[in-house]
Number of protein chains: 2
Amino acid sequence: MSSLSPTARVILGMLKLGVRTGYDIKKAIDVSTKFFWSASYGQIYPELKRLRESGLVRARSQPRGKVKRTEYTLTKAGERALHEWLTDTESSIYELRDEGLLRLFFGDLVTTDDVLANLRARREVLELVLTRFRAIEPEAREGFAEEFQLHPYLALSYGIGMLEWSIEWYAETERRLEKGQPLTERIASATSSE
Amino acid sequence: MSSLSPTARVILGMLKLGVRTGYDIKKAIDVSTKFFWSASYGQIYPELKRLRESGLVRARSQPRGKVKRTEYTLTKAGERALHEWLTDTESSIYELRDEGLLRLFFGDLVTTDDVLANLRARREVLELVLTRFRAIEPEAREGFAEEFQLHPYLALSYGIGMLEWSIEWYAETERRLEKGQPLTERIASATSSE
DNA sequence: GAAGGCATGTAAATCGTTACATGATTTA
DNA sequence: TAAATCATGTAACGATTTACATGCCTTC
């Protein structure tokens, strides 16, 4: 069992990848893990403080001109804790909170038009995210090719694939609801294939 | 903009579907929306109290023998608030927290064997959940056929499809990593298809 | 010289889980 | 009669967001 707090997990990993300041950790999260593991300043700075107090990271003041700046690096204990968590196959948080699905679940309480409006709205949001992911993709691919960073690229590819699948599901469900035959073959075909 | 708290959203919806007590709301969530919208007793009971205080629900004591029991129903204001939220296409929470993906993201920091162990562990968890979903499916299908509750069934079908997609992605990624050629066509084919 | 980015942090509020406490009723 | 289920709730803790505050540096 890993005793690292949720935010500590991503912080230690980012430090090990070479990110140095709280500010940069936040930026790195926002362009990479945010989709499946986000964190705000209000979590990052206090957590860095706690991690230093418990000896998992060390802090060095590295001002740039007069801008105060604190660089963090992993201690031996920090390296150990990170490795322990990364190789722990027991713990396995999976949480999804999806307001679109909740509204769909309650769809019997509103009209079909209301349901359709929500499906479309949700699909449009997903399409926006997908567009952003595809825009990052060439960059991530280069990161893989030039810095041998395969895994961030793999995670991105998962995100892209999942969004594509979701968007297609929404589109298909919209089509069926529009035609008034929203049913049956979906699950039948889905469960028989693979 | 809906002012309903996250837990209030699922509570009001469940009340409208005919669920009556805090205890039953929790049970209903656990067999239906839990996958994408969960709640614990520690949220449900205090929230019911708040909803009563703000006039969105009304409480009636309906003891069964000596077991105290409080039944809740929506007030007019509660119906309005629920309907407003259900037909609001603006707000749209989408949050995912997936420890497996975070570990995969940091995969460059460990050995390929460690990554593979984590992919397999995660896939096994997903397979368990999928098994449970498939077990509920006939029940949900009946609920649709007999009580005209289409939408819970649709949400379940989304869950099943998404899990199938994820599991296949994991299996495929494992195969590629095992062969040492984890790459390239995946995204190429994923983005070109569809 | 204004805007935007760099950089760090705190306070308040909200949200959520877990563990605990209590006691009745039903089922094996 | 023991275990499971029904039923309600609180306390402590932990996680998280949002808004605020501060001030330097760089770029337009």
Side-chain angles (χ1 to χ4, degrees), chain A residues 1-11 14 19-31 33-34 36-54 57 59-72 91-97 99 102, chain B residues 1-11 14 19-31 33-34 36-54 57 59-72 91-97 99 102:
Chain A
M1 87 251 90
S2 161
S3 53
L4 295 177
S5 79
T7 306
R9 290 167 213 194
V10 65
I11 287 178
M14 289 299 178
V19 183
R20 290 279 154 266
T21 69
Y23 187 81
D24 284 339
I25 289 171
K26 167 73 167 143
K27 264 199 321 177
I29 289 171
D30 282 348
V31 297
T33 69
K34 196 190 178 193
F36 50 88
W37 206 276
S38 76
S40 64
Y41 288 127
Q43 276 298 109
I44 292 168
Y45 285 112
E47 185 65 37
L48 279 169
K49 204 175 168 186
R50 280 190 290 270
L51 287 170
R52 199 191 42 189
E53 281 159 11
S54 58
V57 306
R60 240 174 323 186
S61 182
Q62 294 284 107
R64 268 190 190 162
K66 268 172 196 162
V67 177
K68 71 175 165 175
R69 197 161 168 284
T70 310
E71 291 192 351
Y72 293 88
S91 106
S92 183
I93 294 176
Y94 182 87
E95 282 168 30
L96 177 61
R97 179 150 284 211
E99 197 168 5
L102 188 62
Chain B
M1 88 255 87
S2 162
S3 52
L4 295 176
S5 78
T7 306
R9 289 168 214 194
V10 67
I11 287 179
M14 289 298 179
V19 183
R20 290 280 155 265
T21 69
Y23 186 80
D24 284 339
I25 290 171
K26 166 72 167 146
K27 263 200 320 177
I29 289 171
D30 283 348
V31 297
T33 69
K34 195 190 179 193
F36 50 89
W37 206 277
S38 74
S40 64
Y41 289 126
Q43 277 297 110
I44 292 168
Y45 285 112
E47 185 64 36
L48 280 168
K49 204 175 168 187
R50 281 189 290 269
L51 287 170
R52 199 190 45 188
E53 280 159 10
S54 58
V57 306
R60 240 175 322 185
S61 184
Q62 294 285 107
R64 269 189 189 164
K66 269 173 194 158
V67 177
K68 69 174 166 177
R69 197 160 166 284
T70 310
E71 291 193 351
Y72 293 89
S91 105
S92 182
I93 293 175
Y94 183 87
E95 281 168 31
L96 177 61
R97 181 149 283 208
E99 197 168 4
L102 188 62

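Quick note: numbers below take in every heavy atom, side chains included, and nothing from hydrogens, waters or symmetry partners. The sequence lines fix the lettering, A, B, ..., with proteins before strands; numbering per chain opens at 1.
Overall, the helix from C/dG1-D/dC28 to C/dA28-D/dT1 carries an axis bend of 40° between its ends, with five pairs at each end and the value rounded to 10°.
The shortest heavy-atom contact between A/E47 and A/A8 is OE2-CB, 3.5 Å. Considering all non-hydrogen atoms of both residues, B/R97 and A/P6 come closest at NH1-CB, 3.3 Å. Here the closest heavy-atom approach between residue A/A28 and residue A/M14 is recorded as CB-SD, 3.9 Å.
Under the side chain to side chain contact (heavy atoms under 4.5 Å, CB included) test applied with A/V10, the options A/I44, A/I29, A/L4 reduce to a single match, A/I29.
Atom pair B/E95:CD and D/dA15:P shows a separation of 16 Å (rounding to whole Å applied). The NZ-C1' distance, from A/K66 to D/dT26, rounds to 16 Å in whole Å. B/I29 has its CD1 atom 14 Å from the C1' atom of C/dT17, to the nearest Å.
Partners of B/S40 by side chain to side chain contact (heavy atoms under 4.5 Å, CB included), not counting sequence neighbours, listed by chain and number: B/Q43. In this structure B/R64 satisfies the side chain to side chain contact (heavy atoms under 4.5 Å, CB included) test together with B/R69, sequence neighbours excluded. With sequence neighbours left out, B/K27 forms a salt bridge (charged side-chain N to carboxylate O under 4.0 Å, His left out) with B/D24. B/S54 pairs by the side chain to side chain contact (heavy atoms under 4.5 Å, CB included) definition with B/L56, not counting sequence neighbours.
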How would nucleotides 3-16 of chain C be written as a contact map, 5' to 3', with B for base contact, S for sugar-phosphate-only contact and - for no contact, using protein heavy atoms under 4.0 Å?
--SBBBBB----SB
